[in-house]
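Counting begins at 1 with the first residue of the sequence.
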Amino acid sequence: MASLPPIRHGWVRQGAHELFAQGVALHAPILPVLGHEAPLEVVARGGVPSLSELRMHQGTIYPWNRAVYDPSDGGHVRVEMRALPSGPSVPDMLSNGAFLLGLTLSLMEEVEALVSRMPFRCTRTNFYRAAREGLDAPLYWPGRPGQALAVQPVRELLPRLLERARQGLVSAGVEPEDVEPLVELLEGRLRTGRTGARWQLDALARLEADRPRHEALTAMFERYLAYSEEGMPVHSWPDV
């Protein structure tokens with residue numbers, strides 16, 4: 001039996017099995033349930049093992065990038081990218097997904113060079129800075145080969161990344177007329193500085209000016225639900 005690769009806590013370089021190995025190594029099983037299947041025997045017979053114990057274990061841990069094994073339809077592995085924000089509106093979610101996919105496609109050919117210049121700890125810092133500070137976050141980003149890693153305000157970095165995402169989607173065969181509304185929505189969010197979190201904070205501050213906090217929170221959330229159900233992108237939402 002081939003030996004498993006070493007456990008890494010950082011960039012995944014050898015495939016999704018690194019994520020499975022890390023999940024098993026770092027988290028003790030919660031439910032000690034054993035299946036009756038012998039996976040290697042199933043493989044030897046040309047079948048697809050269910051790996052029920054691994055699947056149950058992966059269902060109890062929730063890393064930001066979670067590897068999922070599914071034996072259906074001949075078996076496949078996928079990686080769930082769980083850091084995408086949910087909302088606040090359907091158009092916002094579509095644009096967020098398009099940005100992630102387009103940028104991934106655009107940077108795919110140069111990913112090894114980028115990773116070599118971008119320590120994982122800086123990426124981790126970026127993640128939490130963006131979560132806390134939104135469009136005001138200063139982020140690490142690799143410059144040209146030979147240049148030092150620089151800290152750039154996200155408002156300066158995003159226009160370039162949006163253009164790369166646009167190119168990635170079009171190069172992958174997405175019609176430009178389908179791409180433009182998604183990118184324009186993100187440009188509007190960048191222009192106004194309004195994200196879902198920013199709208200909530202600003203609305204709460206205005207509502208708290210004339211009512212107790214618990215009433216302000218309720219009123220803010222009612223407006224939040226109403227605007228999101230109308231399908232309005234958050235950068236176009238009215239002030240409270």
Side-chain angles (χ1 to χ4, degrees), residues 2-26 58 61-70 75-85 93-135 137-176 178-180 182-183 185-187 189-190:
S3 60
L4 290 173
I7 303 299
R8 293 187 175 88
H9 307 304
W11 296 117
V12 174
R13 295 181 178 274
Q14 297 184 28
H17 54 77
E18 288 186 49
L19 294 175
F20 288 116
Q22 180 172 297
V24 171
L26 296 181
Q58 290 299 109
I61 63 175
Y62 293 89
W64 292 115
N65 296 304
R66 183 170 65 164
V68 177
Y69 169 75
D70 191 332
H76 68 273
V77 173
R78 64 182 184 270
V79 176
E80 294 180 347
M81 172 62 176
R82 301 180 54 254
L84 279 170
M93 288 190 285
L94 290 173
S95 294
N96 293 338
F99 177 58
L100 172 64
L101 180 59
L103 190 59
T104 300
L105 292 169
S106 177
L107 298 178
M108 187 166 54
E109 296 300 324
E110 55 192 280
V111 66
E112 288 299 327
L114 290 171
V115 167
S116 68
R117 305 200 304 273
M118 184 76 164
F120 187 79
R121 65 181 183 276
C122 294
T123 302
R124 186 179 187 278
T125 297
N126 281 352
F127 182 89
Y128 286 101
R129 280 183 177 176
R132 286 193 303 265
E133 303 176 48
L135 293 175
L139 302 181
Y140 293 104
W141 192 257
R144 298 181 183 278
Q147 292 181 340
L149 196 67
V151 176
Q152 301 183 49
V154 71
R155 293 174 188 268
E156 296 179 9
L157 181 61
L158 270 178
R160 301 201 304 274
L161 298 186
L162 286 173
E163 181 56 35
R164 293 294 301 267
R166 178 189 278 114
Q167 295 169 5
L169 291 169
V170 172
S171 297
V174 183
E175 295 295 334
D178 294 328
V179 173
E180 286 308 310
L182 301 172
V183 176
L185 186 152
L186 295 171
E187 290 172 339
R189 196 186 301 166
L190 182 61

Check whether any side-chain N or O of Arg66 sits under 3.5 Å from a backbone N or O of Ile61 as a donor-acceptor pair, and report yes or no. yes
Side chain to side chain contact (heavy atoms under 4.5 Å, CB included) evaluation trace for Asn65 with Glu80: CA-CA 6 Å; Asn65 296 304; Glu80 294 180 347; over 6 Å; no
For atom CZ of Arg82, is the number of surrounding heavy atoms from other residues, nucleotides or ligands below 6.0 Å larger than 12? yes
The reported gap from CG in Leu135 to CG in Leu158 (rounded to nearest 0.5 angstrom) is 6.5 Å
Which class fits the ring pair Trp11 and Phe120: parallel under 30°, tilted 30 to 60°, perpendicular over 60°? perpendicular
Report the C-alpha distance between Gln22 and Glu18 in whole Å, list the side-chain angles of each, state the deciding distance to 0.1 Å, and finish with yes or no for side chain to side chain contact (heavy atoms under 4.5 Å, CB included). CA-CA 6 Å; Gln22 180 172 297; Glu18 288 186 49; over 6 Å; no
Over all atoms of both residues, closest heavy-atom pair of Phe99 and Ala165: CD1-CB, 3.7 Å
Nearest heavy atoms of Leu149 and Pro119, plus distance in Å: CD2-CD, 3.9 Å
Mind checking the CG-CG spacing from Leu185 to Leu190? Nearest 0.5 Å is all I need. 11.5 Å
Search all heavy atoms of Pro85 against all heavy atoms of Met93 and return the closest pair with its distance. O-CG, 4.2 Å
Just wondering, are more than 12 heavy atoms of other shown residues or ligands nearer than 6.0 Å to CZ in Arg124? no
Please evaluate residues Val12 and Leu19 with respect to the criterion side chain to side chain contact (heavy atoms under 4.5 Å, CB included), reporting the C-alpha separation (whole Å), side-chain torsions for both, the decisive distance (0.1 Å), and the verdict. CA-CA 8 Å; Val12 174; Leu19 294 175; 3.6 Å; yes
Using atom types as modelled and distance alone, determine if a side-chain donor or acceptor of Ser171 lies under 3.5 Å from a backbone N or O of Gly168. no
Please report the interatomic distance CG(Leu186) to CG(Leu94), rounded to the nearest 0.5 Å. 10.5 Å
What pairs meet the side chain to side chain donor-acceptor pair (under 3.5 Å) rule with one or both residues in residues 95-105, with sequence neighbours excluded? Asn96-Arg189
Among all residues two or more places apart in sequence or in another chain, which pass the side-chain hydrogen bond (donor to acceptor under 3.5 Å, both in side chains) test with Asp70? Ser72
Val111 versus Leu107: any side-chain heavy-atom pair under 4.5 Å? no
Heavy-atom pair of closest approach, residues Ala67 and Ala16: CB-O, 4.0 Å
Taking all non-hydrogen atoms of both residues, which atom of Phe20 and which atom of Tyr69 are closest, and how far apart? CZ-N, 3.7 Å
Which atom names give the shortest non-hydrogen contact between Gln58 and Gly23, and what distance separates them? OE1-CA, 4.3 Å
Determine, for Arg13 against Glu112, whether the closest basic-nitrogen to carboxylate-oxygen distance falls under 4.0 angstrom. yes
Glu156: side-chain hydrogen bond (donor to acceptor under 3.5 Å, both in side chains) partners, not counting sequence neighbours: none
Between Gln152 and Tyr140 (side chain of the first, backbone of the second, donor and acceptor by atom type, cut-off under 3.5 Å), is there such a pair? no
So, Arg164 side chain and Ser106 main chain: donor-acceptor pair closer than 3.5 Å or not? yes
What is the distance from atom CG of Leu84 to atom CG of Leu101, rounded to the nearest 0.5 Å? 10.5 Å
Looking at CG of Leu169 and CZ of Arg166, how far apart are the two atoms once the value is rounded to the nearest 0.5 Å? 9.5 Å
Rounded to the nearest 0.5 Å, what's the gap from OG1 on Thr123 to CH2 on Trp141? Could you check? 8.5 Å
